[in-house]
2 protein chains.
Amino acid sequence: MLDLTPQNNERFATVLSLRETAAEEPILLRGPGGLPAKEASFDRDEEIYGESEPAEYVYCVRRGAVRTFKLLRDGRRQIDAFHLPGEYFGLGSGDSHLLSAEAVVETRVAIVKRRALENVAAHDAPTACALWRMAADELRNAQEHMLLLGRKSAMERVIAFLLDMDRRLAVAGVLALPMSRRDIGDYLGLTLETVSRSLSALAEKGALHFSGSRHIMLKDRIRLRAMTE
Amino acid sequence: MLDLTPQNNERFATVLSLRETAAEEPILLRGPGGLPAKEASFDRDEEIYGESEPAEYVYCVRRGAVRTFKLLRDGRRQIDAFHLPGEYFGLGSGDSHLLSAEAVVETRVAIVKRRALENVAAHDAPTACALWRMAADELRNAQEHMLLLGRKSAMERVIAFLLDMDRRLAVAGVLALPMSRRDIGDYLGLTLETVSRSLSALAEKGALHFSGSRHIMLKDRIRLRAMTE
DNA sequence: CGGTGAATTGACGCTGCTCAATAGCGGTGG
DNA sequence: CCACCGCTATTGAGCAGCGTCAATTCACCG
């Protein structure tokens, strides 16, 4: 399961931030207090950690994709974020995790011991500031997502999702989605059928093209953006 | 509007944290780096700051209540939090606010210059850690709220809201809500009519008693709690 | 190819929204 | 002290958007 073999000596320094504004962000774990990162691999749908488990590690996605989510007793699921290569997860400030995390596809992550990180932060202000910023960035995403979940229509939600994924992982204008329609629905507060119908309607209108159900090319991003704000 | 008259020399030190677990939390702005706090008052429905305004201050509620929210162009509103006495708001890590803030009722807040706070955090690890924790606490609230907005029924949302408010501001078992049904609806992703109907249904079943539409006494909190999880 | 899980599509129903009328509450002034 | 007024909350009727259930169809991978 957890493959903790020391893989190399590279540090988190090469992995800059939660977002592609990487270069300007504070660099977690570099410098004198920098911590050595190990790596671990997870299969598709494999659990990385469970809600309310003690939080032993902090993670950074290298390859693949991770979903973090909460469950209700009857099985309803809310995915609160997808974490893509270069993004951190698992760094709330409490002792135990508040969410569960699973690999969406075959995934490799860098890990660092949480306690070590906290020890550094406790007397190194720049590291602590970096943690603050990263938490604040996640908070901003959560706030935007609450607006989506509380007040947007199904079509608006799906368009917002497509634009976000397009920005974060499109290569040469093509979006290769790692997650299923069910995952998307559980992220957007919809059913998988509603997601599918919305995507079909957009394709029908020529707003996007499919090449296989998980490969999407958006047409006219400007107009799409105007439909979610 | 902003009454920045130095009111007294007390410091944020007396205001402990975002939550009632105050005593155990790190104390923002105490000690050598502690910053002097001024105070300001706002009328009911008065704007405290607007979305995308430069973030000049960080706030702590003294008396009253504050709502922070986002708007869509057509007027749809999502309130992402109510801030009650003792709670901080306005401390994302960016240069400009991500939300608007308004006083729900006549409200008094303590304020501190954001730049001064950042200057302290930049070389004082404990202060930076306190900021990290506060952002992480807000993030936890946001994650719980996403589950509510994405996956809970109207009745479950209203019950969750009542239990949360009961915990945070009930005195002698009675909840005196400062906000309108519309505010509650915009917080829960519902209309004011649905909120009203849910409350009436709960009163009908004897799960709560009204004494005036904004004074509520919950009956059997245990059973109510079982209805939201 | 063939099999299996994912995605699409259709029919129908329910939850919560919209629009509208009424009732209640709190403040104000005669 | 009570009558009035404006705002807030309640309640009702009808409807629509999205969920549910079910049947195909599609894509991926051996």
Side-chain angles (χ1 to χ4, degrees), chain A residues 43-45 65 67 72 74-78 104-106 148-162 175-205 208-216 227, chain B residues 43-45 65 67 72 74-78 104-106 148-162 175-205 208-216 227:
Chain A
D43 289 335
R44 187 177 115 104
D45 293 331
R67 56 179 174 254
L72 293 171
D74 62 6
R76 281 176 288 176
R77 182 178 67 159
Q78 180 62 41
V104 174
V105 290
E106 187 81 28
L148 178 148
L149 293 171
R151 289 300 179 216
K152 288 186 179 176
S153 70
M155 183 57 84
E156 290 169 333
R157 296 181 200 200
V158 170
I159 293 171
F161 171 76
L162 290 171
L175 236 185
L177 294 174
M179 71 290 284
S180 70
R181 299 291 190 262
R182 176 176 296 279
D183 281 343
I184 299 172
D186 284 351
Y187 177 61
L188 298 178
L190 301 170
T191 59
L192 64 94
E193 292 94 333
T194 298
V195 171
S196 179
R197 275 185 253 268
S198 302
L199 290 171
S200 297
L202 287 169
E204 186 73 25
K205 290 200 303 180
L208 57 81
H209 286 166
F210 280 106
S211 43
S213 62
R214 295 193 183 184
H215 288 82
I216 296 177
M227 293 173 68
Chain B
D43 289 335
R44 188 179 117 104
D45 293 330
R67 57 178 172 254
L72 293 171
D74 62 6
R76 281 175 287 176
R77 182 178 67 158
Q78 180 63 42
V104 174
V105 290
E106 187 81 28
L148 179 149
L149 292 171
R151 288 300 179 215
K152 288 186 179 177
S153 71
M155 183 58 84
E156 291 170 331
R157 295 181 200 200
V158 170
I159 292 171
F161 171 76
L162 289 172
L175 237 184
L177 295 174
M179 72 290 284
S180 70
R181 298 292 191 263
R182 175 175 297 279
D183 282 342
I184 299 172
D186 284 352
Y187 177 60
L188 298 179
L190 300 170
T191 60
L192 64 94
E193 292 94 333
T194 298
V195 172
S196 180
R197 274 185 253 268
S198 302
L199 290 172
S200 297
L202 287 169
E204 186 73 24
K205 289 199 302 179
L208 57 82
H209 286 167
F210 279 106
S211 42
S213 63
R214 294 193 184 184
H215 287 81
I216 295 177
M227 293 173 67

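To find a chain, count down the sequence lines: A is the first, B the second, and so on, and within it residues start at 1.
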Q) Which residue lies toward the 5' end of DNA chain D, B:Val195 or A:Ser213, if each is placed at its nearest nucleotide? A)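 Its nearest nucleotide being more 5', the pick is B:Val195.
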
At under 4.0 Å between heavy atoms, what does [X] touch on the DNA or RNA strands: base, sugar-phosphate, or nothing?
X        : result
B:Arg214 : sugar-phosphate
A:Gly185 : nothing
A:Arg76  : nothing
B:Leu192 : base

Q: Please state whether the phosphate of D:dT8, meaning OP1 or OP2, lies under 4.0 angstrom from any side-chain nitrogen or oxygen of B:Arg44.
A: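 Answer is yes, contact under 4.0 Å.
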
Q: Would you please confirm or rule out a distance under 4.0 Å between OP1 or OP2 of D:dT11 and any side-chain N or O of B:Ser200?
A: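 Yes, because at least one side-chain N or O of B:Ser200 sits under 4.0 Å from OP1 or OP2 of D:dT11.
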
May I have the distance from [X] (atom [atom1]) to [N] (atom [atom2]), rounded to whole angstrom?
X        : N      : atom1 : atom2 : value
A:Leu190 : D:dT20 : CG    : C1'   : 14 Å
A:Ile184 : D:dC18 : CD1   : P     : 17 Å
A:Leu188 : D:dG17 : CG    : C1'   : 16 Å
B:Arg182 : D:dT10 : CZ    : P     : 14 Å
A:Arg181 : D:dC28 : CZ    : P     : 11 Å
B:Glu106 : C:dG26 : CD    : P     : 18 Å
B:His215 : D:dA9  : NE2   : P     : 13 Å
B:Met155 : C:dC14 : CE    : C1'   : 15 Å

Ignoring hydrogens and angles, tell me if any N or O in the side chain of [X] forms a donor-acceptor pair with the backbone of [Y] under 3.5 Å.
X        : Y        : result
A:Gln78  : A:Tyr187 : yes
A:Arg151 : B:Arg77  : yes
A:Thr194 : A:Leu190 : no

Looking only at the side chain of [X] (C-beta and beyond, no hydrogens), which of the listed nucleotides [options] gets closest?
X        : options                : result
A:Thr194 : C:dC17, D:dT8, D:dG19  : D:dG19
B:Glu193 : C:dG16, D:dT11, D:dA9  : D:dT11
B:Ser196 : D:dA22, C:dC17, D:dT10 : D:dT10
A:Ala154 : C:dT8, D:dC18, C:dT18  : D:dC18

Q. Under 3.5 Å, is there an N or O donor on one side and an acceptor on the other linking the side chain of B:Arg197 and the base of C:dT18?
A.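 Looking at the base of C:dT18, it does pair with a donor or acceptor on the side chain of B:Arg197 (distance under 3.5 Å).
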
(Q) Any donor-acceptor pair, under 3.5 Å, between the side chain of B:Arg157 and the base of C:dT15, if you only look at N and O atoms? (A)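 Not at all, since no donor on one side and acceptor on the other fall under 3.5 Å apart.
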
Q. Does a salt bridge link A:Arg181 with A:Asp186, judged by any charged N lying under 4.0 Å from a carboxylate O?
A.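 No, this pair does not count.
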
Q. Want to settle it: does A:Arg151 or B:Gly212 sit nearer the 5' end of DNA chain C, counting the closest nucleotide to each?
A.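 Counting from the 5' end, the first nearest nucleotide belongs to A:Arg151.
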
(Q) Within a 6.0 Å radius of atom CZ on B:Arg76, are there more than 12 heavy atoms belonging to other residues, nucleotides or ligands? (A)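 Check passes, neighbour count above 12.
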
Q | B:Arg214, CZ atom: more than 12 neighbouring heavy atoms under 6.0 Å | A |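 It does: B:Arg214 CZ has more than 12 such atoms within range.
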
